[in-house]
Number of protein chains: 2
Amino acid sequence: MASEAAVSVMNASPLNASPLNARQSHLLDQLQAAGHELSGQDLHARLRSTPHCMGLATVYRHLRQLQQRGLVRCRHLPSGEALYAPTERDEHHLTCVDCGRTLPLRACPMHDVHLQPQQLDGFRLLFHTLEFFGICASCQERQDVP
Amino acid sequence: MASEAAVSVMNASPLNASPLNARQSHLLDQLQAAGHELSGQDLHARLRSTPHCMGLATVYRHLRQLQQRGLVRCRHLPSGEALYAPTERDEHHLTCVDCGRTLPLRACPMHDVHLQPQQLDGFRLLFHTLEFFGICASCQERQDVP
DNA sequence: ATCCAGCTGAGAATGATACTCATTCAATTC
DNA sequence: GAATTGAATGAGTATCATTCTCAGCTGGAT
C-alpha cells in the first residue's frame with residue numbers, strides 16, 4: 001500500500017498565474033490550429049503574412065515561456081530540429097533511426113502511469129515527452145536485402 | 001482478450017547481425033564506464049589521450065550506427081546538446097524547464113507498458129526516450145517570491 | 001606489387017537557436 | 001498633453017553542436 005498518493009503523469013495542470021499576452025496566445029493558436037507539430041521557423045513563416053507577424057527571436061522567446069508554463073512541449077528530431085506542440089494534445093511518436101520517418105502513436109501509453117512523490121523531489125510536473133525509436137518496415141527490408 | 005500479444009517496450013533486443021568494430025566497442029565501453037550520459041564532444045575529449053583517439057566526425061558516425069543497432073540511446077537537452085547512454089541502462093530524467101537542472105529517475109515507469117502491434121505499423125522497436133519536464137523546487141520558490 | 005572499397009579526420013559548411021542592443025511601445029506620472 | 005521609464009521587440013550577429021566534404025590511408029583481394 002502506498003504511503004502517499006502516486007502522482008499521475010497526466011494531471012500536470014498548466015500554470016495560470018498570469019494571463020497569456022497576445023503574442024503568446026497567437027503562437028498557441030497557431031499550434032492548435034495546425035493539428036501537428038511545428039518548428040520555430042514554421043511558426044515564424046506562418047505568421048509572416050498575418051497581422052500577428054513577429055520576429056524569429058520573439059517566436060523563440062515566447063515558445064520558451066509557453067514551455068515554462070507547461071502549455072507547449074517540444075521534441076527534437078534526430079536531425080536536431082525542435083518541434084513544438086500544445087501539451088493538451090498528448091501525442092507521441094515512433095521514429096525510424098534509419099530514414100527518420102516519424103509516425104504518430106494513436107494513444108499515449110503513459111495515461112495510466114504514475115510516479116511516486118519521492119521520485120519527484122519537489123518537482124512540479126508540467127509535461128512529458130515519450131518517443132519510441134526503431135526501424136521502420138521498409139528500412140528493415142532494405143537492410144535484409146542490400 | 002487481446003487478439004495478438006502486446007509488445008513490451010522493454011524487449012527491444014539489439015540487432016546483432018554483425019559484430020561491432022573496434023571503434024564502436026570503445027565508444028560503448030566509454031559510455032558504460034562513465035555511468036552517466038555523455039555528449040559526442042565528451043566522448044571525443046575522453047578518447048583524445050588514449051590509444052583509441054578518433055576524430056569528432058568518426059565519433060558521431062559511430063554513435064549514429066550504435067543508435068541504429070539499438071545499443072545506444074540519445075536524448076536532447078533543451079540547450080540542443082545531445083547526450084548518449086547505453087540502452088541497457090534504462091534511465092530517464094526529470095528536467096526543470098526553468099533552470100535546466102536534470103534529475104535521474106530511479107525507475108523507468110515504462111517497464112510494464114506494452115504497445116499493441118497494430119500501433120507499431122511494422123516498426124522494430126529499439127529503444128525509447130521518456131523525459132519529464134517541470135519546475136524544480138528552488139525555481140518554484142524563486143517564482144513565488146520575486 | 002597493384003588495385004579497390006571502405007574508413008578516417010581536418011577543416012569547412014550548416015542550421016537552429018540564443019544573444020545584443022538600439023529602437024519602439026505602453027503605461028504611468030507630472 | 002508631455003515626459004518618464006521599464007519592458008518588449010527584431011534585425012542582425014554570434015554560437016556551437018553536428019554534419020558534410022574530400023583527399024589520404026588502410027587492409028584485404030587479386
Side-chain angles (χ1 to χ4, degrees), chain A residues 17-28 31 37-69 72-85 95 97-100 102 129 133 143 146, chain B residues 17-28 31 37-69 72-85 95 97-100 102 129 133 143 146:
Chain A
S18 51
L20 289 184
N21 71 31
R23 294 299 183 70
Q24 290 169 5
S25 296
H26 288 134
L27 287 171
L28 197 51
L31 285 173
E37 303 158 295
L38 296 174
S39 68
Q41 310 275 353
D42 289 340
L43 280 164
H44 177 244
R46 277 176 178 239
L47 292 173
R48 176 173 289 291
S49 52
T50 77
H52 311 307
C53 173
M54 65 186 89
L56 198 49
T58 306
V59 171
Y60 283 114
R61 260 192 289 255
H62 286 309
L63 281 175
R64 196 173 344 127
Q65 285 170 19
L66 286 169
Q67 230 187 128
Q68 291 183 358
R69 282 162 170 268
V72 158
R73 104 179 69 214
C74 106
R75 70 170 177 126
H76 288 260
L77 292 182
S79 67
E81 190 178 20
L83 297 178
Y84 297 83
T95 299
V97 291
D98 196 348
C99 66
T102 189
T129 64
F133 295 86
Q143 288 179 3
Chain B
S18 51
L20 290 184
N21 70 32
R23 293 301 184 67
Q24 289 168 5
S25 295
H26 288 135
L27 287 171
L28 198 50
L31 285 173
E37 305 158 295
L38 296 173
S39 68
Q41 309 275 353
D42 290 339
L43 280 164
H44 177 244
R46 278 175 176 240
L47 292 173
R48 176 175 290 290
S49 52
T50 77
H52 310 307
C53 172
M54 66 186 90
L56 198 50
T58 305
V59 170
Y60 282 113
R61 262 193 289 254
H62 287 308
L63 281 174
R64 195 172 344 126
Q65 285 170 18
L66 286 168
Q67 227 186 133
Q68 291 183 358
R69 283 163 170 267
V72 158
R73 103 179 68 216
C74 106
R75 71 173 178 124
H76 288 260
L77 293 181
S79 68
E81 189 178 20
L83 297 178
Y84 296 84
T95 299
V97 293
D98 196 347
C99 66
T102 188
T129 65
F133 295 87
Q143 287 179 5

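Here is how names work: the chains are called A, B, and so on, in the same order as the sequence lines, proteins then strands, and each is numbered from 1. Since this is a predicted model, take the numbers as computed values, not measurements.
In the set D/dG10, C/dG9, C/dT17, the nucleotide with an atom closest to the side chain of B/R23 is C/dG9. The side chain of B/A57 sits closest to D/dC20 out of D/dT18, D/dC20, C/dT17. You'll find that the side chain of A/R64 is closest to C/dA18, out of C/dT17, C/dA18, D/dT9. When distances run from any side-chain atom of A/T58 to the nucleotides D/dA17, D/dT9, C/dG9, the shortest one goes to D/dT9.
Atom-to-atom distance recorded for A/L77:CG and B/H76:NE2 is 8.5 Å, nearest 0.5 angstrom.
The two residues B/H44 and B/G55 have their closest heavy-atom pair at CD2-C, 3.9 Å. Of all heavy-atom pairs between B/L20 and B/S25, the closest is CB-OG, 3.7 Å. B/L31 and B/Y84 get closest at one heavy-atom pair: CD2-O, 3.4 Å.
Following rounding to the nearest Å, B/E81 (CD) and C/dT17 (P) show an atom-to-atom distance of 15 Å. Residue A/H44 contributes atom NE2, which lies 13 Å from atom C1' of C/dT17 at whole-angstrom precision. Per the geometry, CG belonging to B/N21 stands 14 Å off P belonging to D/dG28, to the nearest Å. Atom CD in A/Q68 sits roughly 11 Å away from atom P in C/dA18 (whole-Å rounding). Rounded to a whole Å, the CG atom of A/D42 is 10 Å from the P atom of C/dA16. Atom CG in A/L56 sits about 9 Å away from atom P in C/dA16, given to the nearest Å. Between the C1' atom of C/dA16 and the CZ atom of A/R75 lies a distance of 16 Å, rounded to the nearest Å. In this structure, B/R48 places its CZ atom 17 Å from P of C/dT8, rounding to the nearest Å.
The side-chain heavy atoms of A/Q67 and A/R73, taken from C-beta on, include no pair separated by under 4.5 Å.
For A/H62, a side-chain nitrogen or oxygen approaches OP1 or OP2 of D/dT9 to under 4.0 Å. Between B/Q41 and the phosphate of D/dC16, there is no side-chain N or O to OP1/OP2 separation shorter than 4.0 Å. The shortest distance between the side-chain N/O atoms of A/Y60 and the OP1/OP2 oxygens of C/dT17 is below 4.0 Å.
Within 4.0 Å of B/R61, counting heavy atoms only, lies at least one base atom of the nucleic acid.
Of the two residues contacting DNA chain C, namely A/L83 and B/M54, the nearest-nucleotide position lying further toward the 5' end is that of B/M54. The residue among B/H76 and A/V59 whose nearest nucleotide of DNA chain D is located toward the 5' end is A/V59. Summary of the strand contacts: A/G55 and B/Y84 both lie near DNA chain D, and taking for each the nucleotide with the nearest heavy atom, the more 5' one is attributed to A/G55.
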